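Because the structure is a prediction, the values reported are computed rather than measured. Note that these values count all heavy atoms, side chains included, but never hydrogens, waters or copies made by symmetry. Below, chain A is the first sequence line, B the second, and so on; all start at residue 1.
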Amino acid sequence: MHEIYPLASGFLVWVAFGVFIGGTVLRLVLLALKARRKDPVIYQYFSFYYAARSIIHWIFPFASKGMRDHPVFTIIAFVFHICLILTPIFVAAHVILIMESWQTGWWYLPNAAADIMTIIVVLCLLFFLARRILQKDVRYLSTAGDYVLLLLVAAPFITGFWTYHQWYGFETAGLLHMLSGELMLICLPFTRLFHMALFPFTRGYSGSEFGAVKGARDW
Amino acid sequence: MNTKNNTETGADQKQIHDVAIEEGARRLTREKIHSVLSELIRTEGGARLSAYSNACVHCGMCSEACHHYLSNDRDPKLSPAGKVKQTIAVIMARKGKVGPDFMKKACEIAFTECNLCRRCMMYCPFGIDVAYLMLFIRRACHKLGVVPQYIQDTAHSHSATMNQMWVRDDEWIDTLQWQEEEARDEIPNIRIPIEKEGADIFYSVIGPEPKFRAQLIYQMAVIMHASGADWTMSATPGWDNSDMCMYTGDMEMTARLKKVHFEAATRLKTKRIVMGECGHAFRSVYDVGNRLLGWKMPPLPMVHAIEFYYEILQQGHIEIENKFEQPVTFHDPCNIVRGRGLHETARYVVDKTCKTFIELEPNREHNFCCGAGGGVINCGPPFKNKRVKSNRIKAEQLASAKSKGAEVVIAPCHNCHGGLEDIINHYELGMEIKFLADILYECMKKE
């Protein structure tokens, strides 16, 4: 098992980031080219002002009516996304690894804060799971892939927490942490996790159509 | 409000018999469907189709935006994403390998369970345009020849006569002259100018106006006359601005229709188009037809009747003698509010002409669709009961305004009239429906 460790902490990290960044850029470029070929209206009507207006109303909590109608879901969704993105970037262990490798780094979270944020991510995922199972419309919409994605996102956080606290079998957990994190990055451009990259474009286009052409609000 | 039979939901009434859907599907084979759908995805399924298919995280935020979902005891199949799941998502996943029965079901969903009102787009965090996706299914249905009979008949009328109601050219002119004659009893020197070259305004209406709401042409003539407008109507095809082909997925016909409409206005060298109180026609001229013809915006200035009323009221071209007495409420039509942002313009006209105004809740961009739009009412009697039951939420919304005192519903759109009338009758709401022109005509100084 120890032989995989250097691979998982070295080469595979590069592969994961390569696929994540390369895949995301490639898919966006292909989409942009496809739009140029088959959906020229997108370029014709795209307006940065109205796109930004719409995006702003959807990245601030409670700025849209849909969010105000579902306060619990809104708070959980925002807290989840904030913790999901910030924890891996600012967790001390990650920053220290970067420092050791490249002699450079950035501010990092106090350990207790990272712990709490990790627990929040997992609890939010449990909430999403419960929502998928219990809320009739969401249950109907859910596919097997949606459940797998919840697990895929939860895995690096659970294993990371396990490793940090050095519980029983933490070495294996550490390895699984790296592998699951890499798997999540690799899957990002090719699964529904890609919604992250699509958001500014779909929302921006909707905002442009509503604002610039139809003279209406879309939030 | 009478809630009779409300437990019998639209979703339970699946398998409504529509002869054209049945016959169309009977002629299909899996191979033919596969070849047509793959070709359609290859040629017309662009970046929006890919992005929308990938961006949806199945969160269900769209569900409560949909009146079909809310009116059918929150049936998940009627949530916007639920309709996508049953139709385009299957087609994409199976790469077009679906059978005739699937197409029948997809046809019923896309044509009668979605009004293309775009309300869900305002509740989806990603701004996914479910109307676009349902229109994609309708386009597929059109290509496969599986379209509900009544709306297809309307599309046939468009292609044979360039108007929606099989109105013959001579009948059209006859109707205008008849309305002019009627109006002359009231205002002796009034004219309905036909073929007047160089007029400021090219006034166009939808086919149903000469067919069964001819008094609207009369009323508009009075409004034009009193405001001193220099206007005309076309004697040739192009007088009808409506377009059901846009809703059957026959985009080639939509382009032809809009071309004839724009060309009639330019042939008469008019300065701008004023359209009657219709929502879908506005969408077709302002937002769809122009694009199909390669115009980013309509090739000549065009406004909806509401904007024209606003203008003549604001500039003092007409005078309101007595404000409308009965308390009114206002229904924001999807295609001119979410589609053109005319909600405040309309409220200005209501405020100038009516004594008491009570808002519907929700209102403006968030108003619920009438349930008739998007060609749903045009799918005809087979789907009428389902349509009315599938908009119980609208009845509740109207009943709430009624409880606050509203007696009259103003709806500046023909489809909305049809839809609201059915809802008001079915749920026994006892409210009256009016166009803004009805109110203006009644309250203004005529000479």
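At a 4.5 Å heavy-atom cutoff, the contact between A/V41 and chain B is made by side-chain atoms alone. Interface residue B/R340: backbone and side-chain heavy atoms are both found under 4.5 Å from chain A. In this structure, chain B has heavy atoms under 4.5 Å from both the backbone and the side chain of A/F199. Contacts between B/R283 and chain A at a heavy-atom distance below 4.5 Å are absent for every atom of the residue. Of the two parts of A/F128, neither the backbone nor the side chain holds a non-hydrogen atom closer than 4.5 Å to a non-hydrogen atom of chain B. Proximity to chain B is absent for every atom of A/Q135, based on heavy atoms less than 4.5 angstrom apart. Contact annotation for A/L141: both backbone and side-chain heavy atoms come within less than 4.5 Å of a heavy atom of chain B. Neither the backbone nor the side chain of A/R37 comes within less than 4.5 Å of any heavy atom of chain B. Only the side chain of A/R132 has a heavy atom closer than 4.5 Å to any heavy atom of chain B. The part of B/V337 that comes within reach of chain A is its backbone (N, CA, C, O), which places non-hydrogen atoms under 4.5 angstrom from that chain. Looking at A/R27, only its side chain comes within 4.5 Å of chain B, counting heavy atoms on both sides.
Other residues, nucleotides and ligands contribute only 12 or fewer heavy atoms inside 6.0 Å of the CZ atom of A/R36. No more than 12 heavy atoms of other residues, nucleotides or ligands sit less than 6.0 Å from atom CH2 of A/W14. Residue A/F62 places its CZ atom among more than 12 non-hydrogen atoms of other residues, nucleotides or ligands, all under 6.0 Å distant. Applying the 6.0 Å contact sphere to CZ of A/F17 captures no more than 12 heavy atoms from other residues, nucleotides or ligands. Atom CZ of A/F190 has more than 12 neighbouring heavy atoms from other residues, nucleotides or ligands inside a 6.0 Å radius. Around OH of A/Y147, the count of heavy atoms belonging to other residues, nucleotides or ligands within 6.0 Å exceeds 12.
The minimum heavy-atom distance between B/G127 and A/S206, with the atom names listed, is O-CB, 3.8 Å. Residues B/T43 and A/K38 approach most closely at O-CD, 3.3 Å, considering heavy atoms.
With chain A as the partner, the residue from B/A51, B/C124, B/A81, B/S63 showing the most heavy-atom pairs under 4.5 Å is B/C124. Put simply, of A/L30, A/I55, A/D146, A/V138, the one with the most heavy-atom pairs under 4.5 Å next to chain B is A/D146. The most heavy-atom pairs under 4.5 Å with chain A, out of B/S79, B/S50, B/A65, B/A89, come from B/S50. Contacts with chain A were tallied for B/S53, B/G82, B/A47; B/A47 has the most, counting heavy-atom pairs under 4.5 Å. Between chain A and the options B/G339, B/P125, B/G341, B/P362, heavy-atom pairs under 4.5 Å are most frequent for B/P125. Highest contact tally toward chain B, considering only A/F194, A/Y205, A/F73, is held by A/Y205 [criterion: heavy-atom pairs under 4.5 Å]. Note: A/D39 leads A/D39, A/L149, A/I42, A/T143 in heavy-atom pairs under 4.5 Å with chain B.
A heavy-atom distance below 4.5 Å is found between the side chains of A/V213 and B/Y286. Using a 4.5 Å heavy-atom cutoff, the side chains of A/H70 and B/Y123 are not in contact. Annotation: side chain of A/Y45 is in contact with side chain of B/R291 (closest heavy-atom distance under 4.5 Å).
B/H343 pairs by the side chain to side chain donor-acceptor pair (under 3.5 Å) definition with nothing, not counting sequence neighbours. B/R139 meets the salt bridge (Lys or Arg N to Asp or Glu O under 4.0 Å) test with B/E44, B/E252; sequence neighbours excluded.
Heavy-atom neighbours of chain A within the stretch residues 293-300 of chain B, taken at a separation under 4.5 angstrom, comprise B/W295, B/K296, B/M297. Against chain A, the residues from residues 54-62 of chain B that qualify, each with a non-hydrogen atom under 4.5 angstrom away, are B/N54, B/A55, B/C56, B/V57, B/H58, B/C59, B/G60, B/M61 in number order.
In this structure, B/I336 CD1 and A/K214 NZ are separated by 14.5 Å, a value rounded to the nearest 0.5 Å. Of the inter-residue distances, the one linking A/F210 atom CZ with B/D129 atom CG reads 7.5 Å to the nearest 0.5 angstrom. In this structure, CH2 in A/W219 is found 13.0 Å from CE in B/M121, a value given to the nearest 0.5 Å. For the atom pair NE2 (B/H366) and CZ (A/R217), the distance works out to 6.0 Å, reported to the nearest 0.5 Å. Rounding to the nearest 0.5 Å places CD1 of B/I128 at 10.5 Å from NE2 of A/H195. Atom CZ in B/R118 sits 11.5 Å away from atom CG in A/D218 (nearest 0.5 Å).
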